[in-house]
Number of protein chains: 2
Amino acid sequence: MPAKTRARQRAPHLGPERRRPQVLDAALAIAVRDGIGAVTVGAVAAEMDVTRPVVYACFSDRVDMVEALLDRESAALLEAVLDALRGSGTTLEPEQAFTEGFRSLLAAAATRPDSWHLLLTGEPDPALSERFRAARTLVQAQATAWIGPAMVRWWNTPELGRKLPVLIEFFMSSCEAAVRSLLDDGNDWGPDELGEFVGSAVHRAFRDA
Amino acid sequence: MPAKTRARQRAPHLGPERRRPQVLDAALAIAVRDGIGAVTVGAVAAEMDVTRPVVYACFSDRVDMVEALLDRESAALLEAVLDALRGSGTTLEPEQAFTEGFRSLLAAAATRPDSWHLLLTGEPDPALSERFRAARTLVQAQATAWIGPAMVRWWNTPELGRKLPVLIEFFMSSCEAAVRSLLDDGNDWGPDELGEFVGSAVHRAFRDA
DNA sequence: GCAAATTCCTGCATAGGTGTATTAACGTCA
DNA sequence: TGACGTTAATACACCTATGCAGGAATTTGC
């Protein structure tokens, strides 16, 4: 026997079209396991038991590949977050708005934990930090556009123009903390009760700001 | 003319002992400017207008160098944070405890913004993430040891054992958000008033948890 | 002022990553 | 079944970073 027992000496002929999703799956697995810095073309190829040119047939570039990954993973999350923000706008009670918002945020997080892990802990690569920043900035802008007017309507908070940036930063961090708690190993909270708990806490912080 | 006008063809003989702090300063500058992933031996050497072997004379290793940087930068910060936690424990009023704590936290942050920047946005390197995690874990443990008993004393919060991990995660994120707000470019808050504002908000969130 | 030790620079070997051209195997369709 | 186009592997050139020699310059001590 000339070499170690290889499962298959040659991978099946699937073509770039059918390999693309496999490449992104492998890249996500590596990013979650070893950090996004470990997502190299070689690592992805090894993860799917294939050689590097196969990956290059799917994406022109390493950056192109990771951008595709971020696009795919962030699309679902972004939609979930924006839904959470919009959905809770219709609710009349302020506290319910927050708790419902956090509830649906956490429900979305529980559905695709790997995607959340990626977007929360990512950004080691200077060539891609722009894209992370952009995703976060978009959510932040949406949050500002929703929370600002709501606070005027509900509590007519004084000096809101000055306070709002700080409160938004606070809000974003609270969302991250909530998701982190939910995805934590020793966690025994369900998305619903955790959403209510955190949402209500954030509500109290904002109400008398 | 054989080459471009070089300021000094040969750097002065200082020796490893006097170069060590210079190396760390250069490393910090690079980390803040381009991220910690850009802190390579070559980059540090170029930053201080010296060749790589000079850096290797000070630190055996790239990891050794960055660990020394983290040690130096985190030492002052850790002390400041622990002081903030302990100092606010003597205060009797709960709300004052939070506002005072955040005030001294932000005062420390304002003194060494680069260090904070490093520890908040760092961790791209798998070989060093352990150290980042350790620093954060230590602060987290201290926060837990302080906040847990205090909440029992002040409000006798029910089901605290289950809630505390979530609240601590929430608290840590709030600290990060506060520091981020303070270090933000368009920020017009001083450490004191921002500390009071955020501390009071966090207090309301915790009081009725 | 001059030797000697210290300090710095030039250059090299190694390792790992990128991106591409060439070659060999697979699949498919006639 | 057999030929042809598609697909994957091998192999290469290049780059950047690491870590380590040996030779040149500067301090320092006498």
Side-chain angles (χ1 to χ4, degrees), chain A residues 2-27 30-31 33-69 124-128, chain B residues 2-23 25-27 29-31 33-69 124-128:
Chain A
K4 291 179 184 175
T5 310
R6 263 196 276 179
R8 214 193 294 96
Q9 199 150 16
R10 211 181 161 84
H13 282 38
L14 297 178
E17 217 51 45
R18 274 173 296 179
R19 283 227 184 269
R20 276 178 148 256
Q22 294 184 6
V23 170
L24 296 186
D25 290 344
I30 294 168
R33 178 163 18 94
D34 308 320
I36 226 185
V39 179
T40 68
V41 175
V44 170
E47 176 84 14
M48 51 197 296
D49 221 332
V50 145
T51 53
R52 294 187 300 105
V54 175
V55 175
Y56 279 108
C58 300
F59 299 99
S60 66
D61 203 271
R62 185 181 91 81
V63 170
D64 186 36
M65 174 178 72
V66 184
E67 285 189 347
L69 175 64
D125 193 327
L128 297 165
Chain B
K4 291 178 182 175
T5 311
R6 262 195 277 181
R8 213 193 296 96
Q9 199 150 17
R10 214 182 159 82
H13 282 38
L14 298 178
E17 219 49 47
R18 273 174 296 179
R19 284 227 184 268
R20 275 178 148 257
Q22 294 184 6
V23 170
D25 289 344
I30 294 168
R33 179 162 19 92
D34 308 320
I36 230 188
V39 179
T40 67
V41 176
V44 170
E47 175 84 12
M48 52 196 296
D49 221 332
V50 147
T51 54
R52 293 187 299 107
V54 176
V55 175
Y56 279 106
C58 300
F59 299 98
S60 65
D61 204 89
R62 179 179 154 275
V63 169
D64 186 36
M65 175 178 72
V66 183
E67 284 190 347
L69 175 63
D125 195 325
L128 297 165

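So you know, we letter chains A, B, ... as the sequences are listed, proteins then strands, and number each from 1.
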Over all strands shown, is B:Thr40 touching base, sugar-phosphate only, or nothing at heavy-atom distances under 4.0 angstrom? sugar-phosphate
State, to 0.1 Å, how close A:Arg19 and A:Ala11 come at their nearest heavy-atom pair, and which atoms those are. NH2-CB, 3.7 Å
Taking CG from B:Asp64 and P from D:dG19, how many angstroms apart are they, rounded to a whole number? 10 Å
Nearest of C:dT18, D:dT10, D:dT18 to any side-chain atom of A:Arg62? C:dT18
Reported OG1-to-CE distance for the pair B:Thr40 and B:Met65, which is rounded to 0.5 angstrom: 7.0 Å
By nearest heavy atom, map A:Val41 and B:Pro16 onto DNA chain C; which one lands nearer the 5' end? B:Pro16
Expressed as a whole number of angstroms, how long is the span from B:Arg18:CZ to D:dT26:C1'? 12 Å
Looking only at heavy atoms, what is the nearest atom pair of A:Val44 and A:Val55, with distance? CG1-CG2, 4.2 Å
Want to settle it: does A:Ala57 or B:Gly42 sit nearer the 5' end of DNA chain D, counting the closest nucleotide to each? A:Ala57
Return no unless some side-chain N or O of A:Arg19 is found under 4.0 Å from OP1 or OP2 of D:dT7. no
A:Gln22 atom CD is separated from D:dA8 atom P, nearest whole Å, by 9 Å
Approximate separation, where rounding is to 0.5 Å, of A:Arg20 CZ and A:Leu14 CG: 14.5 Å
Per A:Arg52 side chain, nearest of listed nucleotides C:dG19, C:dC8, D:dG19: C:dG19
Can you tell me the distance, in whole Å, between the OH atom of B:Tyr56 and the P atom of D:dG22? 18 Å
C:dT7 base / B:His13 side chain donor-acceptor hit below 3.5 Å: yes
Distance check needed: D:dA8 P versus A:Leu14 CG, whole Å only. 6 Å
Round to a whole Å and report the spacing from CD of B:Glu17 to P of C:dT6. 14 Å
Please determine, for the side chain of B:Arg10, which listed nucleotide (C:dC8, D:dG19, D:dA8) has the closest atom? C:dC8
Any idea which heavy atoms bring B:Pro16 and B:Cys58 closest together, and the distance? O-SG, 3.7 Å
